[in-house]
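Order of the sequence lines fixes the chain letters, A, B, ..., with proteins taken first and strands second; residue numbering starts at 1 for each chain.
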Amino acid sequence: MRIATWNVNSLKVRLPRVEEWIDYAQPDVLCLQETKLADSAFPGLAFEALGYEAAHHGEGRWNGVAVLSRVGLTDVVDGFDDDDEPDPQARLLWATCGGVRVASVYVPNGRALDDDHYAYKLDWLARLRRNLERAHDPAEPLVVAGDWNIAPADDDVWDPAAFEGATHVSPAEREALGALVDWGLHDSFRRCHDEGGLFSWWDYRAGNFHKKKGMRIDLLMASTPVADAVTFALIDRQARKGSQPSDHAPVLIDVDLPAREGADR
DNA sequence: ATGGTAGCGGAGCTA
C-alpha cells in the first residue's frame, strides 16, 4: 500500500497538479492539507473519476484537510476524535483506509516563539496526543500524515543556525512531537533514509528551492505495525518544480502490510 | 536594505 501526504496550498489552484501527480505516483491513500476550500467546493467528482473515494474537512479561506483512498474509506471523523469543544479550524480528518487508521493533519504554524499562535500550536499538539491515547492503540495500524510544521532534527533544515530562536525547530515543539513518538509513532520516512538535507518544503521567496534552502516538515508518523512494514519512502521533488507548484513536495511511503481477514481487496 | 512569493480577496492576513 502506498500512502502519501501533500500540502497543496489551495486545491482550487493545484487540482491539475494533483491529478497529474496521482496519475503517475499512483498512491492508494493521499492525505491533503491546505485545501483552502469549503466542503461544498471540494472537487470530489474529479477524484472519483480517478478511482478514489474522498473525505474533506474544510472551512473556506484557510486550512482544510482531505483523505483520498482507492482501498476503501470508512469511519470518517472531522477534527479531534474526543469529547472536547470542536476545533474551529479545519486541521484534522480521520478515516480508515485498507485496514489502516489514517489522519490528515495540518499542525498550526506557530509563527514565532513569542506569538500566541505558538502557544496554540503546543496546545494543539498536546490535544492530538490526548486524542491518540483516548481513541487509539499504538499496536493498531495507524498513520498520522501531514504538514507538522516541525522539523524533527537539525539535519531536517538547511541551516540550523538560520533557525536559531525560530519556530519549527524549538525544543518545545520537538518535545511535543517526541511525546507522540513516546506513545508509539515513528517518523516512517527515516526507516529508509538517514541522511540530512532531504526537505519537503521550500519558501517560494528568494529562489530557496533552487538554493536547496528547505525544511522537512511533512511527516508520515506511523505506528509500529506500519513503520515496520515500510519498504520504500520518497519525497517527490519533481512535484515542487514546473508551473504553479505548491511550496511543499508530496511525501510517500510504501508499506507491505499482511493481508487482512475479510478485506475488500 | 529584515528583502523575497503565493493565495485569498479585493486590503491585509497567512504562510
Side-chain angles (χ1 to χ4, degrees), chain A residues 5-21 30-43 46 56-66 79 87-93 104-125 128 145-152 156-170 172-174 176-177 199-219 235-251:
Chain A
T5 181
W6 195 5
N7 180 322
V8 293
N9 185 21
S10 171
L11 184 55
K12 180 182 176 183
V13 172
R14 217 68 62 207
L15 182 58
R17 297 293 304 256
V18 175
E19 292 175 312
E20 171 193 44
W21 191 80
L30 175 57
C31 297
L32 301 176
Q33 300 86 37
E34 281 209 87
T35 63
K36 297 184 175 178
L37 294 176
D39 289 335
S40 59
F42 181 75
H56 180 251
H57 176 41
E59 58 181 90
R61 293 187 182 96
W62 293 307
N63 309 313
V65 287
D87 188 347
Q89 301 185 352
R91 297 182 172 277
L92 178 61
L93 176 64
S104 181
V105 288
Y106 178 45
V107 175
N109 180 287
R111 301 186 188 182
L113 301 193
D114 60 353
D115 196 299
D116 287 344
H117 291 82
Y118 178 75
Y120 173 69
K121 180 181 194 175
L122 295 179
D123 289 344
W124 200 95
L125 288 162
L128 180 59
D147 177 0
W148 289 79
N149 274 314
I150 300 170
D156 293 314
V157 302
W158 63 274
D159 180 10
F163 289 88
E164 198 76 31
T167 183
H168 294 65
V169 300
S170 71
E173 288 163 83
R174 287 176 172 172
L177 185 61
F199 308 135
S200 65
W201 172 86
W202 302 260
D203 199 310
Y204 282 120
R205 298 170 291 187
N208 274 9
F209 178 70
H210 300 285
K211 295 174 185 171
K212 303 188 187 303
K213 294 182 174 182
M215 311 176 77
R216 193 176 67 91
I217 57 177
D218 298 274
L219 313 172
I235 300 173
D236 185 10
R237 294 180 74 260
Q238 295 302 320
R240 180 62 176 77
K241 304 177 182 176
S243 174
Q244 289 193 293
S246 171
D247 46 353
H248 294 252
V251 185

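- For residues 205-217 of chain A, every residue pair satisfying the salt bridge (Lys or Arg N to Asp or Glu O under 4.0 Å) rule, not counting sequence neighbours, is listed here: D156(A)-R216(A), D187(A)-R216(A), D203(A)-R205(A).
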With the sugar-phosphate defined as primed atoms, P, OP1 and OP2, and the base as all remaining atoms, what B/S/- string results for nucleotides 5-15 of chain B, 5' to 3', for protein heavy atoms under 4.0 Å? BSSSS----SB

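- Scanning for salt bridge (Lys or Arg N to Asp or Glu O under 4.0 Å) contacts around R17(A) gives E20(A), with sequence neighbours left out.
- Using atom C1' as the reference point in both dA1(B) and dA11(B), the two lie 25 Å apart (nearest Å).
- Taking the P atoms as reference points, dG9(B) lies 24 Å from dG4(B), given to the whole Å.
- Listed by chain and number, the residues in a side chain to side chain donor-acceptor pair (under 3.5 Å) with W148(A) amount to none (sequence neighbours excluded).
- Applying the side chain to side chain donor-acceptor pair (under 3.5 Å) rule to pairs touching residues 237-246 of chain A yields nothing, sequence neighbours excluded.
- Legend: residues meeting side chain to side chain contact (heavy atoms under 4.5 Å, CB included) with F199(A), ordered by chain and number and at least two apart, are W158(A), W202(A).
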